[in-house]
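I have placed the structure first, in the form of structure tokens, so that the comments after it can refer back to it.
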Amino acid sequence: EKYVYNFNEGNKEMKALLGGKGANLAEMTTMGICVPYGFTVTTEACTRFYKEDQKLWDDLNNEVSEHIKGLEKENGKTFGSTDDPLLVSVRSGAPISMPGMMDTILNLGLNDDAVLGLAKKTENERFAYDSYRRFIQMFADVAMELDKNNFEKLLSAKKKDRNVENDTDLNADDLKELVEEYKAKYKELKGEDFPQDPREQLDLAISAVFKSWGNERAILYRKLNDIDDAMGTAVNVQTMVFGNMGDTSGTGVAFSRNPATGENKLFGEYLINAQGEDVVAGVRTPQEIATLKDAMPEVYQEFAYTAKKLEEHYKDMQDMEFTIQEGKLFLLQTRNGKRTAHAAVKAAVDMVDEGLIDKKEAVLRVNPKDLDGLLHPTFTDEAKKSNEAVAKGLAASPGAAVGKIAFTAKDAAIRATDGEQVILVREETSPEDLEGMVKANGILTARGGMTSHAAVVARGMGKCCVSGASEVHVDEDEGTMRIGDKVYTKDDTISLNGSTGEVYIGSLETKSPQLEGNFGKFMEWVDEFRDMKIRTNADTPRDVEQALEFGAEGIGLCRTEHMFFKEDRIFQVRKMILANDLETRKSALDKILPMQEDDFYQIYTLMGDKPVTVRLLDPPLHEFLPRGEAEIKDLALDLNIEPARVRERIAELEEVNPMLGFRGLRLGVRYPEISRMQARAIMQAAIHCHEDGIEVVPEIMIPLSSDVKELKYVIDEVNDEIQKVFEEKGKEIKYLVGTMIEIPRAAITADEIAEITDFFSFGTNDLTQMTFGLSRDDAGKFLPLYLEKDLFAKDPFQVLDQKGVGFLVETAVEKGRSANKDLHLGICGEHGGEPSTVKYLYNVGLDYASCSPFRVPIAKLAAAQAAI
Ligand code: PEP
Ligand code: MG
């Protein structure tokens, strides 16, 4: 079995085996791009490593040795040589990129002999010992998990002792001493000598990379990003090139286009005379890539050319790492660049215009989930005008975020879980901060560039982030943030503008997103490929307008009870509920009727000829009743009854298990006059629209049916009332009556139900609740535990459970259509805006999905991708 591949043996299609980095290093090698030569230990080796109790085995060791020999030959250098030693980097590379999760070791191969060889070969003793001490520290930290602070302290002490400020001010002798101190510290902490045999160093490093696949941060990242734990990581062993060999050397990271805006222009940063980790760690402030044009014109030209070439080859935006060693450019990595949704859309549209990809490819390029980032609010112009930024950092990830300061990821996570709006404010972030970053509204860091951990991770999450705001001074221990002479604490609220990098004190007003040209064009292409309709769940004119702006093609769910809650009418609703006799109830309903009619009229008018499904009253009646004594008294007074009687009625309506109680069409069975009032309001509004020239076809939806007879009872009432309206108005219009499939029994008896209905809409919130027997309202208290313990892969209230709930949906679709071939099918549960569910339901054969206004574009894109 083969576990090790040279860079010239692989290609970009071999990601599963060689990992993303390894596959792309191989691809670049074959393309003739200058890549330091090396080899990749496969992900299969990682999988086997875990089967072998986390040990490397003989055959693998032999294979690695063979490849080391090959590297030595290729480079004319030898491991451990006192003349010209071979040094390598060891880096992880999973099939899917996992930024910041895994670990890198540079300068491996250095030992007491090789350091002499390196000094001799480079004629630079200082450089050699500096490399050695960096290697010891990195090896100790990454491979041996010894706290790097132990070594940082020694370095600081040495600088203090020599009375110098910068690392670079230490001379060769200082560094030689430091190497001895580092080795002694290593021995003290580890209880054994620092390994001198390069081959042993390599084995330990390979094991460390494999082990890092199983560390907590990696596991959490995979969980958050739906990455399979079984995949494993590859290990890349690559000949070292040095960016720290003086002023004609350097290292950097760059994107072929701007990953924040999508602008077609090289974007990135580099450091002269530095090694890779200096850029990522944000220790020194890097320079913009554009300035390389002046510093090293030829290298810049070559890099720009290589970036274009890679982009044309991969047909996608590239994220590259490079090193310049004494004026010579080497590529260390390329991959498709992570980008904001904004940049993703712009780049996809531009690339179609440039002829690099076609429309279909463009539509597939953008992850529906990421669109979320585009649809988020920004600060109003007024808010921006009337507030002055107190600091400015880099516009690392766009959007607007407001919240109270949290200084640690843990604090952010705890407070956000308690419902507080928080902004995570850190000197810089590290992978340990992930959970806090997920929970915070936004992220502010004092240090670090556009490619720092905070920036990369926030962009990936579509979360607002301002990084490298150098005026911000964070003292985590004291719990303070200082800007100028002002000090802020966890009780202060700040606002971040991730699109400009500005930081404000206080809470700025935000506004809904404005979708500009590229987005419109992109969504047009999405619509070209899509055949499933996307509607929205909306019950106020404001929501309807927002949804229309986002391209909703109808309303799949108008929850009429939301209209009942409005302040001016809740009183009448309460009277209606508390009425003792039919007459009183009817008189209250008569007052509600014109209000509902007007609501529907407004919505119909806004929607024009687009379909609108109005659902009859759903929740248990006690939800509408007052709790406070004052309100109870008011109500009693108006009804001319004793407050005690009101309290009695409230108690009567109280249910032990309201979710399974007196709600949905059961209300209509008990109080048909409520359904009748609503049916009348719908039809009167619709006829009014017809008179205005808008040919509305009302869709009346009856919630929570479980049996054809109960449903028929309510439908008959509704139809009868509608006939009355027709007679009164002297006009008949077409309308549809359907039901929600929310109870397993309705799905199972869907053939019977379909015979008396025009459409089904799957209420997957309730259907999930009732299939799992899991309360929607209470599951939040223990469901996270299920996810933590890996008992559920996903929260079934967010991502549809295809096996169980999906089975019921499929059953209902099949049975329903067999009984009524014209049956129209949709979904209006929360899952209707979740991309993987939309794709699934498209394949099940639903006609439409309905979701919240903000998720309409997401659902549209998911539906288009499913159709392609
Ligand atoms: C559902 O149950 O999926 C649904 C859309 O109805 P509601 O959320 O209003 O219960
Ligand atoms: Mg429901």
Side-chain angles (χ1 to χ4, degrees), residues 534-540 543 547 552 554-565 612-624 655 657-668 674 678 699-707 710-711 714 738-747 750 753 757 759-780 795-802 804-806 808-809 812-813 824-834 837-838 840-841 844 846-856 859:
I534 303 299
R535 299 192 188 184
T536 191
N537 296 352
D539 28 63
T540 65
D543 284 355
I555 291 178
L557 174 63
C558 173
R559 291 177 164 106
T560 53
E561 60 270 15
H562 288 180
M563 302 168 164
F564 280 34
F565 275 114
V612 176
T613 304
V614 174
R615 178 177 75 182
L616 302 189
L617 190 63
D618 186 27
L621 292 179
H622 76 87
E623 280 194 15
F624 298 102
E655 291 177 295
N657 197 343
M659 270 296 181
L660 296 179
F662 190 41
R663 58 177 283 224
L665 86 177
R666 295 159 197 169
L667 296 171
I674 301 179
Q678 292 197 294
E699 298 180 5
I700 299 173
M701 181 154 78
I702 295 163
L704 219 75
S705 55
S706 63
D707 177 83
E710 65 167 351
L711 180 59
V714 178
T739 190
M740 292 185 73
I741 305 291
E742 302 176 277
I743 295 179
R745 193 177 186 282
I753 291 177
T757 46
F759 64 89
F760 287 173
S761 180
F762 291 95
T764 46
N765 304 332
D766 274 310
L767 193 57
T768 298
Q769 163 168 269
M770 301 206 204
T771 304
F772 279 86
L774 198 57
S775 161
R776 281 164 76 169
D777 295 336
D778 300 315
D795 177 345
F797 288 106
Q798 284 174 27
V799 179
L800 190 86
D801 158 53
Q802 297 180 10
V805 180
L808 289 170
V809 172
V813 167
H824 201 238
L825 298 165
I827 172 183
C828 64
E830 277 309 300
H831 307 86
E834 194 283 314
T837 307
V838 170
Y840 164 71
L841 292 175
V844 169
L846 295 202
D847 300 300
Y848 70 88
S850 187
C851 57
S852 70
F854 275 89
R855 297 215 283 176
V856 166

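Sequence positions, counted from 1, serve as the residue numbers for this chain. Atoms within each ligand, like the ligands themselves, are counted from 1 in listed order.
- With contacts defined as side-chain heavy-atom distances shorter than 4.5 Å, the pair F762/L808 does not qualify.
- The proximity of D618 to ligand 1, defined as any non-hydrogen pair under 4.0 Å, is limited to the side chain.
- Residue contacts with ligand 1, taken as heavy atom pairs separated by less than 4.0 Å, do not involve N537 at all.
- With sequence neighbours excluded, no residue forms a side-chain hydrogen bond (donor to acceptor under 3.5 Å, both in side chains) with T536.
- Between G763 and ligand 1, an N or O atom pair is found at a separation short of 3.5 Å.
- Taking the Mg ion (ligand 2) as reference, E742 places its N/O/S atom OE2 nearest.
- With a heavy-atom cut-off of 4.0 Å, M740 touches ligand 1 through its side chain alone.
- Numbered from 1 in the order shown, with element, the atoms of ligand 1 that lie under 4.0 Å from a heavy atom of L557 read 5 (C).
- Ranking the protein heavy atoms by distance from atom 7 (P) of ligand 1 puts R559 NH2, 3.4 Å first.
- Interface atoms of ligand 1 facing C828, defined by a heavy-atom separation under 4.0 Å, are 5 (C).
- Between the side chains of T739 and T757, no donor N or O sits under 3.5 Å from an acceptor N or O.
- When non-hydrogen atoms are compared, ligand 1 lies under 4.0 Å from the side chain of R776 (C-beta onward) but not from its backbone.
- Contacts between N765 and ligand 1, counted as non-hydrogen atom pairs separated by less than 4.0 Å, involve both the backbone and the side chain.
- Between E830 and R855 the shortest side-chain heavy-atom distance falls below 4.5 Å.
- Taking the side chain as every heavy atom from C-beta outward, E742 and Q769 never approach each other to under 4.5 Å.
- Of the protein's non-hydrogen atoms, the one nearest atom 6 (O) of ligand 1 is R615 NH1, 3.0 Å.
- Looking at M701 and D618, their side chains never come closer than 4.5 Å, going by heavy atoms from C-beta outward.
- Contact annotation: the side chain of N765 approaches that of R776 to within less than 4.5 Å [non-hydrogen atoms, C-beta and beyond].
- Each of C851, S850, S852 was checked for a side-chain contact (heavy atoms from CB on, under 4.5 Å) with N537, and the lone residue meeting it is S850.
- At least one N/O/S atom of D766, whether from backbone or side chain, sits less than 2.8 Å from the Mg ion (ligand 2).
- Those atoms of ligand 1 that come under 4.0 Å of a heavy atom in T764, given as number and element, are 3 (O).
- Between C558 and D539 the shortest side-chain heavy-atom distance falls below 4.5 Å.
- Within the 4.0 Å heavy-atom criterion, neither part of E830 lies near ligand 1.
- Not a single N or O atom of E561, backbone or side chain, sits closer than 3.5 Å to an N or O atom of ligand 1.
- Applying the side chain to side chain contact (heavy atoms under 4.5 Å, CB included) rule to Q798 yields the partners D795; only residues at least two apart in sequence or on another chain are considered.
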